[in-house]
Amino acid sequence: MKKFSIVIAGGGSTFTPGIVLMLLDNLDRLPIRQIKFYDNLDSRQKHIADACEIIIKESAPDIKFVSTTDPKEAFTDVDFVMAHIRVGLYAMREQDEKIPLKYGVVGQETCGPGGLAYGMRSIGGVLELIDYMEKYSPDAWMLNYSNPAAIVAEATRKLRPNSKIINICDMPVGIEERMAKSIGLKSRKEMVVRYYGLNHFGWWTDIRDLEGNDLMPQIKAHVAQHGYSLKEEVEDSQHTDASWMDTFSKAKDLYAVDPDTLPNTYLKYYLYPQEAVEHANPEYTRANEVMDGREKHVFGECDKIVANGTAKGSTLEIDEHASYIVDLARAIAYNTHERMLLIVENKGAIANFDETAMVEVPCIVGVNGPEPLVQGEIPRFQKGMMEQQVAVEKLVVEAWAEKSYQKLWQALTLSKTVPNNEEVGTIRLFRT
Ligand code: NAD
Ligand code: G6P
Ligand code: MN
């Protein structure tokens, strides 16, 4: 059986150890001969790489491990690039969140002015990874979850139209796990869903069990009362902080706006922006929570592994909920035709929506990549919201490609999160 070679781009990410542990836990489903780490910041990657080298040696000594900042070494002889880079690091995430909040505007990693600023930084970084992949391993596929995925996806569609990149998000996966648990199922794999939207901006329209029975009424009854909160919390190493718990319970109010569908949690920034601002602490945002929480924990544990020379006793956890990445790699490698939610060019999947928009819809995935499933016509409410948001995302990419300050200003002005042009002017001036 063929064994695969994988490079993780953004080796220094807080998510890298959880992904490595997850890959090691899934070797029977996706055999691996080589794991490489690539990052453009050696000092950060080294902490994670030195620990992961020990983890790999202890549990799968046959796997060759390479950690490098040299693109040629990283991207040569690989089948998959798993990309999760954060251009600008947490320092810039903090600014993305705090600058808008200073003016009473949503301060968020992927939504609103912060998300657009992050997009302007990420586009170049991800295009560079694609170019390395195409130069050194032209047959490889990039599974990208670097954010903001909506803007990155539009940039790759427009600027690298033939590249073998698939953009994917874990939020629907996490929400579906919660839906499944809320009605007593073991896992989301017992459900088949229909869904449409943009990344971090979508709705479920149909959820059935494997026999075809409609599960929507039961799930809706739960969401109407509790949002996506659960009596007993699910094991999900990422979405556990109090701020995430607030987000899951807020889904109740998002659902009330359109009880025909079930909402993605990120819609709270567009439907209740003022509340998001009022609940935020402009001095201590999610970036601070992550730096004080996940980053300290992961880097602390990695340094301990290196000091002890063993991973025994480590509290690093398998990122089980990231196993959708293995599902995606397997779908391509073994032509499994797995049905997955992916961010793809619309091309009629949503009948009454821009054909060139990058939308998030269920796809069948095989050796040729994703084949989107038609979701038909969408209602006026969602269509109106999506048209506004997709225009924002396309304007950001045009602003980047054309170096147009004007278009970025238009994108900011058009974002539903920005109440009026005055705030935009202030943010704009502050940034220059
Ligand atoms: P992090 O800052 O810990 O890690 C990012 C790493 O990328 C850093 O080590 C940094 O040095 C590296 N990097 C930055 N620019 C680079 C470049 N041009 N080339 C190579 N490496 C580069 O961040 P994190 O919190 O672990 O998140 C990583 C990424 O994953 C973010 O983009 C985050 O938004 C994304 N993410 C996406 C999803 C999803 O649903 N799509 C889920 C979780 C995380
Ligand atoms: C969800 C989203 C990701 C986002 C992450 C932020 O998983 O789907 O796109 O990056 O949340 O999580 P964090 O813990 O970094 O705030
Ligand atoms: Mn996401």
Side-chain angles (χ1 to χ4, degrees), residues 7-19 37-49 67-71 74-75 81-94 96-97 107-111 114-115 118-119 121-133 143-153 166-175 177 197-202 236-244 247-248 264-266 269 285-299 302 319 321-322 324-325 328 341-343 360:
V7 58
I8 298 181
S13 158
T14 55
F15 293 108
T16 297
I19 301 263
F37 285 5
Y38 168 74
D39 204 288
N40 64 357
L41 185 57
D42 186 47
S43 56
R44 185 175 178 91
Q45 176 165 260
K46 195 175 182 327
H47 294 268
I48 307 284
S67 170
T68 179
T69 53
D70 173 16
F75 288 82
V81 179
M82 297 183 174
H84 55 198
I85 60 169
R86 182 185 291 287
V87 179
L89 302 162
Y90 290 128
M92 290 305 281
R93 175 174 182 175
E94 190 178 5
D96 291 340
E97 293 168 351
Q108 214 279 326
E109 179 193 25
T110 62
C111 305
Y118 188 15
R121 296 197 303 277
S122 288
I123 293 171
V126 173
L127 293 185
E128 189 179 71
L129 298 182
I130 292 178
D131 293 344
Y132 292 145
M133 177 176 87
L143 316 182
N144 178 61
Y145 34 106
S146 311
N147 267 320
I151 293 172
V152 166
I166 303 180
N167 295 287
I168 186 164
C169 171
D170 68 355
M171 197 73 256
V173 172
I175 295 171
E177 274 310 332
L198 310 169
N199 178 234
H200 289 184
F201 203 99
D236 166 352
S237 49
Q238 190 192 348
H239 305 113
T240 48
D241 288 339
S243 52
W244 272 110
T247 294
F248 291 128
N264 192 300
T265 44
Y266 275 90
Y269 297 107
T285 58
R286 179 67 190 153
N288 299 109
E289 263 181 28
V290 171
M291 285 185 274
D292 291 342
R294 183 171 72 236
E295 188 182 39
K296 277 215 169 79
H297 172 244
V298 169
F299 280 77
C302 282
D319 192 348
H321 108 287
Y324 66 92
I325 298 165
L328 181 55
L341 285 190
L342 299 172
I343 305 161
E360 198 163 282

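Start at 1 and go down the list; that is how both ligands and their atoms are numbered.
The tally of protein N/O/S atoms under 2.8 Å from the Mn ion (ligand 3) stands at 2.
Across the listed options Ser122, Gly12, Pro71, Ser13, Ser13 owns the non-hydrogen atom lying nearest to atom 26 (O) of ligand 1. Residue nearest to atom 29 (C) of ligand 1, selected from His84, His239, His47: His84 (by heavy-atom distance).
Counting protein heavy atoms only, atom 35 (C) of ligand 1 is closest to Tyr145 O, 3.4 Å. Of all protein heavy atoms, the one lying nearest to atom 9 (O) of ligand 1 is Asp39 OD2, 2.7 Å. At the top of the distance list for atom 3 (O) of ligand 1, counting protein heavy atoms only, stands Arg44 NH2, 2.7 Å. Looking from atom 44 (C) of ligand 1 to the surrounding protein, the closest heavy atom is Phe15 CE1, 3.3 Å. At the shortest separation from atom 14 (C) of ligand 1 among protein heavy atoms lies Arg86 O, 3.2 Å. The single protein non-hydrogen atom nearest to atom 18 (N) of ligand 1 is Asn40 ND2, 3.3 Å, given as residue, atom name and distance. When hydrogens are left out, the protein atom nearest atom 24 (P) of ligand 1 is Tyr90 OH, 3.3 Å; that is the closest non-hydrogen contact.
Electrostatic pairing of Asp241 and Arg286 counts as a salt bridge here, judged by a charged N lying under 4.0 Å from a carboxylate O.
Residue-level contacts of ligand 2 at the 4.0 Å heavy-atom threshold are Arg93, Glu109, Asn147, Cys169, Asp170, Met171, His200, Gln238, His239, Trp244, Tyr266, Arg286, Val290, Arg294.
Put simply, the side chain of Thr16 gets close to the backbone of Gly11: a donor and an acceptor are under 3.5 Å apart. The backbone N or O of Gln45 sits nowhere less than 3.5 Å from a side-chain atom of Asp39 that would complete a donor-acceptor pair.
Between Arg93 and ligand 1 there is no heavy-atom distance shorter than 4.0 Å. Taking a 4.0 Å cut-off on heavy atoms, Ser146 registers as neighbouring ligand 1. For the ligand labelled ligand 1, residue Ile168 lies inside the 4.0 Å heavy-atom shell. For the ligand labelled ligand 1, residue Gln45 lies outside the 4.0 Å heavy-atom shell.
Annotation: salt bridge (Lys or Arg N to Asp or Glu O under 4.0 Å) contacts of Glu97 (sequence neighbours excluded): Arg93. Listed by chain and number, the residues in a salt bridge (Lys or Arg N to Asp or Glu O under 4.0 Å) with Arg86 are Glu109 (sequence neighbours excluded).
An N or O contact shorter than 3.5 Å is missing between Cys169 and ligand 1 by distance. At under 3.5 Å, not a single nitrogen or oxygen of Leu89, backbone or side chain, sits near a nitrogen or oxygen of ligand 1.
Classified by interplanar angle (parallel below 30°, tilted 30° to 60°, perpendicular above 60°), the ring pair Tyr266/His200 is parallel.
At a heavy-atom cutoff of 4.0 Å, ligand 1 is contacted by no atom of Glu295, backbone or side chain. Residue contacts with ligand 1, taken as heavy atom pairs separated by less than 4.0 Å, involve Tyr118 solely via side-chain atoms from C-beta onward.
Atom-to-atom distance recorded for Ile168:CD1 and Ile325:CD1 is 7.0 Å, nearest 0.5 angstrom.
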